[in-house]
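What you see is a predicted model, and the numbers here were worked out from it, not measured in a lab. We number each residue from 1, following the sequence as shown. We count ligands from 1, going down the list as the structure has it; atoms in each ligand are counted the same way.
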Amino acid sequence: LRVTEEERLAEIRREIQRVTEEIIGLTADRMRLSQEAGLIKETRGRPLEDIEVERRLKSAVRAKSVELGVDPDFAQRLLNILISRSVGVQRNVTSRGGTSPVSIYQQAKQLEKDGQNIIHLEVGEPDFPPPPQVIASLKKAVDEGHIGYSEPGGIEPLRRAVAEHLNDKFGIDLSKDEVLITPGARFALYLAASIFLRTGGGALIFEPAYPAYRRLVDIFEGRPNIIQATLEDDWTPDTSIVEDSISQRPDLMILNYPTNPTGKVLSDNTFTEILDQAAKKDVPVISDEVYRDYSFKTCPSILKYTDCRSIFISSFSKSYSMTGFRIGYAVASREDIERMTRIQSVSLTCIPEFIQRAAISALECEDELTANIGKIHQRTNYSLRLLEELPFICRKPDGGLYLFPKIDRPGFDGDKYATNLLEKQGVAVTPGSAFGDYQDYLRISLCQPEERLEEAFRRMRETL
Ligand SMILES: Cc1ncc(COP(=O)(O)O)c(C=O)c1O
C-alpha cells in the first residue's frame, strides 16, 4: 500500500507540474493578446486603460472563482498582477511613459539651463520663502550640535508639538505616540500603503488624483480601483459606485481633500458617507490632507472620524513653504505607527534632527501661515477672472494650490498643448492626463505672483 501511495504522490507531482506549465503557457497567450491590443489602441489613439472593461473582467473573475471554489480574494490578486503586467507590456509596445508634474518640471528645468525664461506653473511648490523663524531654528539646531542620529519615528518634542497642534485645531486628544515624523508626506504615503497593500492588492483611488497614488499601487503590482469624478458633477464622486467598489474589499482607500488637482472639498455628508462605507467593510483609509490649510471653506478631516482604521497624512511642504526640507507626518493608532516606524527605521534610520527642530518653530508661525493662505486665495480669484477670457471651463476650487480647467475645444489634447506651450512660449503646465483620464484638462499651479500668472495666461491664449 505504501508503494502505491508513493507512486500516487509522484503522479500528483507530475500532474501539478503539467498544470503549472499550462498556467505559464496561458500567461504567455495572455501577454501576446495584450501586446496586440496595445498596438491597436496605439493606432486608434485609444487610452491604455479602460476602467469599465477592467471592472467587468474583475466581476467575471469573481463569479468564476466562486463557481469553481477558488478563494475570490486570491483570484482577484492574481488577476491584478496579470492586469498590471499587461499594462506594463502595453506601455512598452506603445512607448507611452505617461506625463507627470515631475517629468514636465525636469523638461522645463532643462530648457531653463539652456537659457530660456520659463514660467513654472507645473509644480505645487510655493514661491514664498519659509518663515524666517524656521531658518533661524535650523541654524541654531546645527550650532547647538543636533547633527547626529535620532529616534527613527521622529524626536519627541516635534511629535508632541504636532499632537498639540492638531489637538488645538480639531478639539481631539492625540498623544505623541500616535504621531510619526516622515521625510515629507510622500514617504508617509509610502509607509501607510506598505502596511496595508499586499502584492496584487486593490486600492480605491478617486480621480482626478495626485499621480503618486497610482505609482504606489504599481510598486505592489496591485491595481487601482478608480472612481472618476467629473466637472459636470462638481467633482463629487458617485457614492453608489464607491459602495460597489468597497464591497470588493480593496486593501485600502485613499482620500485627498482638498484635492490635487481640482481643489475639491467634500461636504461633511459625502465625506462621512464614504467613510461609513469603508468602516462597514473594514477597509483602511489613508487621508492625505496636505492642502487642508489652503481650504477656503470648512474641510472635513479623518481626524474627527473614529469608526474606521485610518492614517492621516500632512506635511510642512505646502503650508510653510518647506518643500526642500522634506518633512511631513502621519497620525494613526499606536500599533500602525509602530508598524510604519519599523519600516522607516530599516529604510532611513532617522530624519535629520536639525530639520525636525526647524519644523517645531514652523508650527508657531500662525501669522505667516495666514499670510500664505491669503496670498493663494487672492491668486485663485485673480486667475479665475483671467480664465474667463479663455475657452477654459473651471470650477472655483474650494482649496489647494491649483486650477484644473477643461479646455473647451473639440479634440483638445492636453499633452500636445503642454509640450507646445513649454517649447514655444516657455510656460510649464501639467496636462490633465497626469491625473487620470482627463486629456482635455490642464493643471495650473498658482505658485507664482500675479504678474507672472497674467503673463502666462497671455502666452496660453497665443498658443491656443
Ligand atoms: C496630494 C499631495 N500629497 C503629497 C504631496 C507631497 O508632499 P511632500 O512634499 O510633503 O512630500 C503632494 C505634493 O505635491 C501632493 O500634491
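The shell of residues lying under 4.0 angstrom from ligand 1, judged by heavy atoms, excludes E125. Heavy atoms of F316 stay at 4.0 angstrom or farther from ligand 1. Taking a 4.0 Å cut-off on heavy atoms, D288 registers as neighbouring ligand 1.
Two residues are said to be in side-chain contact when any heavy atoms from C-beta on lie closer than 4.5 Å; Q228 and D238 fail this criterion.
Contacts of F325 with ligand 1, taken as heavy-atom pairs under 4.0 Å, are absent altogether. The proximity of Y291 to ligand 1, defined as any non-hydrogen pair under 4.0 Å, is limited to the side chain.
Here F296 and H377 bring their ring centres to under 6.0 angstrom of each other. Side-chain rings of Y320 and F325 stay apart, their centers remaining 6.0 Å or farther from each other. Taking the six-membered ring wherever Trp is involved, the centroid distance between the rings of F435 and Y438 does not fall below 6.0 Å.
For atom 9 (O) of ligand 1, the nearest protein heavy atom (residue, atom name, distance) is S317 OG, 2.7 Å. The nearest protein atom to atom 5 (C) of ligand 1, hydrogens excluded, is given as Y210 OH, 3.4 Å; this is a heavy-atom distance.
Judged by distance alone, the side chains of N256 and Y291 never bring a donor and an acceptor atom under 3.5 Å apart.
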